[in-house]
There are 4 protein chains.
Amino acid sequence: MLTDPSVTDKRLLILRAALRLLAGCGFHGFSMKQLADEAGVAAGTLYLYFKDRDALIRQLHQEIIQTFAQHVLAGHDPDKPLQQQYRDLCQNVWLFCKTYPEMLLSKGQFDHLPPDVLRDHFLSAWQAFGPLRVLFDKCREQGMIKPLPDEILVTLGFETFINLARKYHLGLVSEQDMDVNEIIEATWHAIALDTRNRI
Amino acid sequence: MLTDPSVTDKRLLILRAALRLLAGCGFHGFSMKQLADEAGVAAGTLYLYFKDRDALIRQLHQEIIQTFAQHVLAGHDPDKPLQQQYRDLCQNVWLFCKTYPEMLLSKGQFDHLPPDVLRDHFLSAWQAFGPLRVLFDKCREQGMIKPLPDEILVTLGFETFINLARKYHLGLVSEQDMDVNEIIEATWHAIALDTRNRI
Amino acid sequence: MLTDPSVTDKRLLILRAALRLLAGCGFHGFSMKQLADEAGVAAGTLYLYFKDRDALIRQLHQEIIQTFAQHVLAGHDPDKPLQQQYRDLCQNVWLFCKTYPEMLLSKGQFDHLPPDVLRDHFLSAWQAFGPLRVLFDKCREQGMIKPLPDEILVTLGFETFINLARKYHLGLVSEQDMDVNEIIEATWHAIALDTRNRI
Amino acid sequence: MLTDPSVTDKRLLILRAALRLLAGCGFHGFSMKQLADEAGVAAGTLYLYFKDRDALIRQLHQEIIQTFAQHVLAGHDPDKPLQQQYRDLCQNVWLFCKTYPEMLLSKGQFDHLPPDVLRDHFLSAWQAFGPLRVLFDKCREQGMIKPLPDEILVTLGFETFINLARKYHLGLVSEQDMDVNEIIEATWHAIALDTRNRI
DNA sequence: AATGAATGAGGATTCATTCAT
DNA sequence: GATGAATGAATCCTCATTCAT
């Protein structure tokens, strides 16, 4: 996995180097030669592991998504109270984004992959997030949360932490400014179905 | 302004062409030659209006921010009820993002501008959003919303609509799936300070 | 003439500006736009006075040669003693090269004009130097100088001062280092026919 | 060395090609593409050996200076009579300039290198000409030549042959016109200190 | 498997020249 | 005559990719 430094598989070494460069300089200004240097291999070696630049970018994208999913779902326990599960997931999202800013920074870089490729990646990601769908289903069944599609719940809930992490790394908010638990509660209010919430 | 097609100032024509390309293919694969073609001018002409590629990108970024601010604050009336003001702003954010997807898609492309440039742009944007800060201040004074920094309120509130618009344009959510007013309420729940909200 | 600042003929203004630029940055890095700015006219105006860049360069070359000839022959008096005439000419060469370094610096820049053009220019220059040929002829007739072709006498005599002026402007020799009269004598030794000179 | 055709080091191949082009067309009109073609390599290859065009020009300049020095000092024997040493050096200068006209023609092209670069190159050249300084010192000590600085002696002596070679290659003087030994004597008269020389 | 020199198409940028005003 | 915005060919340079070793 991208975040596991003990793995020395050369393919992963290259992807990790690509991630560092992507975060550092974006797509432009990251050349295959630079990547080779950063990864500590020769230029030609890259092509033993990846058909071409595009293939490398796509695989990196997928790898990031998988890594993200694994970190977010780490320690997930479907037997805990539902709201606790939600809190744990939020914590994980926040922790991951805070710890690995390069994944965040490179996110926008992928927005222009061909749409069909993007779709494929999202679908496989969604599969990795199966437990999340289960959680949302249960919450909806029990009338705990609003009857909104998963995608929208994700935006109201988890994506908030991604956005905050970006601001955090840009220095627009400091950790003193925010009590993560407080914000988790806030996002819960957004998705929770509480008759008393009605205005 | 970027969204006003009646303006024929050549500088703006070029920026608009750049926006279309940026949305269509991202930074890479958008060459100055392509831009010239898209804008209907010769390659050399670009350099009469912009010192170089970087200057063009930076000016585009600022133009987008300004345009965004103007659309969001359009029709803003500080004399309306506070919550209504919030609703209006949310509506505007959603409408703008839905109507001009290219602004959205190009957003991630700017993440790698030099940090100091990014900071400058954000600050000038924040100035344009003065009425928003006033609104938040009033709401906080009256105990209507949680005592969170503006930046976080923005994320919990408005950025939700930006994220949703992206998904909308990617086809991940359809307009049938979502009742915008419902989502506006949801984000209000996120930021609102309601003692009954306490869990 | 290039060195006469009272002439305000626009053609000459342009040529003088070209000379300044040529001396300052060589052929490369001197653009028609720069020239227009330096001359204080619009780019298009250059083409009212010169067919194209090449024509301008050629005319500049000729102008420099003519100016050089006029300065060198200034005050020439064919009735003075022959050796004194030689001394005067040397003095003039030195003075001119010292006073107008830009003419010197631009000299090497013309070495790559098409050979036929160069030839034409040299021939017309040689015509302007008629009095010099007369002087050499008289000296040779009287057995004062070696029976060498004019071209070689010029090299042994006058070109010495051109070379020294270049070194002077590069700071490789200072004026303290050199007594011009002494050097004039030295060059005279080079061309003089003195039986006692024989080794 | 630039004049040794047996060396096939690619860097030298490129420099030699650059020299041919420089002599043929001067700085302008010699493009990196042309150079690549002339050298028989791809355009990109140039940049494997030289950082950019400027670096190439600078290195060419130094290479020319070094080559010139080596040829001029070839066969130099400090044990010969001093005047004979001088004659040998003059012969070498003449021979070199006659044989490799491209080095001559490119000379003026370097006049616009940045002054500090020019200075560096001249200093390193001067080091290579150590034996020449020794010769001048000895001659001055023995009262054989005028008490002039080395730089001026060089101009009066050796540079004469450079200038003549230029005229020779331009067809302004033919070899029939000139007896090199005669001219060597003439330059010796210029620098020699002979009381009988006094006029 | 690994290398890295070589390639050459493609990018950003410049600049001589034109032409409508 | 004079302007200077517009042009687009040509320039320098980069970089993804290949291939002989």
Side-chain angles (χ1 to χ4, degrees), chain A residues 9-11 13-14 21 27-37 39-57, chain B residues 9-11 13-14 27-37 39-57, chain C residues 10-11 13-14 27-37 39-57, chain D residues 9-11 13-14 27-37 39-57:
Chain A
D9 167 37
K10 197 164 282 191
R11 178 177 163 281
L13 284 182
I14 293 172
L21 289 176
F27 268 154
H28 51 297
F30 130 54
S31 73
M32 295 301 269
K33 179 69 175 64
Q34 270 179 288
L35 174 54
D37 290 347
V41 300
T45 305
L46 301 178
Y47 293 85
L48 295 177
Y49 294 91
F50 304 93
K51 184 187 166 301
D52 57 19
R53 194 178 200 276
D54 275 0
L56 189 149
I57 298 285
Chain B
D9 167 38
K10 197 162 284 191
R11 178 176 165 280
L13 285 182
I14 293 171
F27 269 154
H28 53 297
F30 131 51
S31 74
M32 294 302 268
K33 181 68 176 66
Q34 272 175 44
L35 173 54
D37 290 348
V41 299
T45 305
L46 301 178
Y47 294 87
L48 294 178
Y49 294 91
F50 303 93
K51 188 187 163 304
D52 56 20
R53 197 179 197 276
D54 273 1
L56 190 150
I57 298 285
Chain C
K10 198 164 280 190
R11 179 178 163 279
L13 284 182
I14 294 171
F27 267 154
H28 51 298
F30 130 52
S31 74
M32 295 301 268
K33 179 69 174 65
Q34 271 179 288
L35 174 54
D37 290 348
V41 300
T45 305
L46 301 178
Y47 292 85
L48 297 176
Y49 293 91
F50 303 93
K51 185 186 166 301
D52 57 19
R53 193 178 201 275
D54 275 1
L56 190 149
I57 298 285
Chain D
D9 167 39
K10 197 163 283 191
R11 178 176 164 281
L13 285 182
I14 293 171
F27 269 153
H28 51 296
F30 130 52
S31 75
M32 295 302 267
K33 180 68 175 65
Q34 273 175 43
L35 174 54
D37 290 347
V41 301
T45 304
L46 301 179
Y47 295 88
L48 294 178
Y49 294 91
F50 304 94
K51 187 187 164 304
D52 57 16
R53 196 179 198 275
D54 273 3
L56 189 149
I57 298 285

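As a basis for the values below, the full set of heavy atoms in this structure was taken, side chains included, without hydrogen atoms, waters or symmetry mates.
- For D/Tyr47, the side chain to side chain contact (heavy atoms under 4.5 Å, CB included) test picks out D/Met32, with sequence neighbours left out.
- Closest approach to the D/Met32 side chain among F/dC13, F/dG4, E/dA6 is made by F/dC13 (side chain taken as heavy atoms from C-beta onward).
- Across all strands shown, A/Tyr49 has heavy atoms under 4.0 Å from sugar-phosphate atoms exclusively, and none from any base.
- Atom pair C/Arg53:CZ and F/dA10:P shows a separation of 16 Å (rounding to whole Å applied).
- Look at CG on D/Leu56: it is 11 Å from P on F/dC12, rounded to the nearest Å.
- Taking for each of D/Ala42 and C/Asp54 the nucleotide of DNA chain E with the nearest heavy atom, the 5'-most of the two is the partner of D/Ala42.
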Table of protein N/O atoms under 3.5 Å from nucleotides 18-21 of chain F N/O atoms:
none

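- With the 3.5 Å cutoff on both pairing distances, Watson-Crick and G-U pairs in DNA chain F assemble into runs of at least 3 at E:2-21 with F:2-21.
- Here F/dT3 presents its C1' atom at 13 Å from CG of C/Asp37, a figure rounded to the nearest Å.
- The structure places CD1 of B/Ile57 at 10.0 Å from CZ of B/Phe50, a figure rounded to the nearest 0.5 Å.
- Minimum heavy-atom separation, B/Arg11 to B/Tyr49: CB-CD2, 4.0 Å.
- Nearest-nucleotide positions on DNA chain F for B/Leu46 and D/Thr45 put B/Leu46 closer to the 5' end.
- Closest heavy-atom contact between C/Leu13 and C/Ala39: O-CB, 4.3 Å.
- The shortest side-chain heavy-atom distance between C/Leu48 and C/Lys10 does not fall under the 4.5 Å cut-off.
- Projected onto DNA chain F by closest heavy-atom contact, A/Asp52 and C/Leu48 fall at different nucleotides, the more 5' of which corresponds to C/Leu48.
- When the side-chain hydrogen bond (donor to acceptor under 3.5 Å, both in side chains) test is applied to D/Asp37, the partners found at least two apart in sequence or on another chain are D/Lys33.
- Across all non-hydrogen atoms, the minimal contact from A/Ile14 to A/Leu35 is O-CD1, 3.7 Å.
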